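As structure tokens, the structure follows; a few thoughts come after it.
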Amino acid sequence: MIKKIKVEQLRQGMFVQQLCGSWMDHPFWKKSFLLDTPADVVAIVKSKVTELYIDTQKGLDVLPERSDVGDTLPLIPADENKLPVVNPVHYHVAPVSMEAELGRAAKIVNKSKKAVLSMFQEARLGNAVNLESMGTLVDEITESVMRNSSALIGLVRLKNKDDYTYMHSIAVCALMIALARQLKLNEKEIRDAGLAGLLHDIGKMMMPMDILNKPGKLTHSEFDAIKEHPLAGYNMLLKSNEKNQVVLDVCLHHHEKLDGTGYPHQLPAEKISLMAKMGAVCDVYDAITSNRPYKMGWCPSESIRKMAEWTHGHLDGVVFEAFVKSVGIYPVGTLVMVESGRIGVVVEQNTESLLLPKVNVFFSSKSLSYISPVILDMASAGQQDKIASREEAAKWGLKNVEQYWLGNVKL
Ligand SMILES: [Fe+2]
Ligand SMILES: [Fe+2]
């Protein structure tokens, strides 16, 4: 469908059918094109163009004002349909190094864990939950992610079996924030995305504990029971007076798939909102990179490679591409070998190139022994070494690899 939109509604992934105004008002020589890079979005926003036509069949649509699937869902009273008026949020934060952010991020994670734990306990008792305090938490997580996204996102990957659901909620919150920023969403949308991530699995609290914590593969009937959690969560949020449509939508639709085989509504791709597609990508990434009682988590880099295969049918390709840009091809914590045969962990991303992170090498694959750790900056001019391969810690008998990027920071 061809739709006229204002330049403020523009987002990466849209297909531009035509820019309104003279060709001299903008730097694009093609009339119609897919808006697939952040640089192109910025170029249009900075040009004299104020309105344009998009084709929603060839690219992303504008973000919905409210969920457009209300006919299949419990209805929210009409007078509550409008988004609540919130003060604009301004995240004025300067980027800092991983080292500078890790300690601060660990404190925020610990504080968030306690808050989410007590909120979820209320939900488990069937009580309406106090969602107001969650906004402040999301602001703190957002500021940490803006200062250095790898610190908090790296920390929340380190879960144990007892805190999985709480840490998963914080992880999806942080991943949603990083992804929303990568997609050039505005501050209100970034905050909504974070809040939606934090609350997306609140319905798990209404699921039987023995199924939720089962240390093994679920049977068909157990899986059917778990599939109730999006709707249970949605109803819990309504009961708790949550009116934010993004939060409600992501909670209900983060398990929908583009090919219409997801749950609970088997929505086709065009009925799944951008925020729900973002929720699906962040949810899957955190689930597969986390250690569970029945399986070890995949390494972050291997997970990115596997997820790329799922962009046909399950995950949205444009959203996934932005996600990769936000966490990196070699996310922090990835074990790699460099061409000289040394093995180390990625300790910091390079904002200019996803392929040139900083790596702390500590093991020699030639002598099969530990060496004095050295940080190699793959982007530095004199750097001769290059990343040769991803590696499995178990293959080399390496333990406690985390210490090489965490330093003394503990959760
Ligand atoms: Fe879920
Ligand atoms: Fe989840």
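Keep in mind it's a predicted model, so treat the numbers as computed, not measured. Remember, it's 1-based here, ligands and their atoms both numbered in the order they're listed.
Defined by atom type and a distance below 3.5 Å, a donor-acceptor pair is missing between the side-chain atoms of Lys3 and Thr56. Using a 3.5 Å distance cut-off with no hydrogens or angles, the side chains of Ser273 and Asp249 do pair a donor with an acceptor.
Ring-plane geometry between Tyr263 and Phe223 is classed as perpendicular, the angle between the planes exceeding 60 degrees on a 0 to 90 degree scale with a lower cut at 30.
The Fe ion (ligand 2) has His168 among its coordinating residues (N/O/S atom, backbone or side chain, under 2.8 Å).
The Fe ion (ligand 1) forms the vertex of an angle spanning OD1 of Asp201 and NE2 of His255; to the nearest 10 degrees it equals 180°. Here the Fe ion (ligand 1) is the vertex; the NE2 atom in His254 and the NE2 atom in His229 give an angle of 100° (to 10°).
Here the N, O or S atom of His200 that is nearest to the Fe ion (ligand 2) is NE2. Within Asp283, the N/O/S atom positioned nearest the Fe ion (ligand 2) carries the name OD1.
Residues His200 and His229 place their aromatic rings such that the two centres sit no closer than 6.0 Å. Checked against a 6.0 Å centroid threshold, the rings of Phe33 and Phe15 do not count as neighbours.
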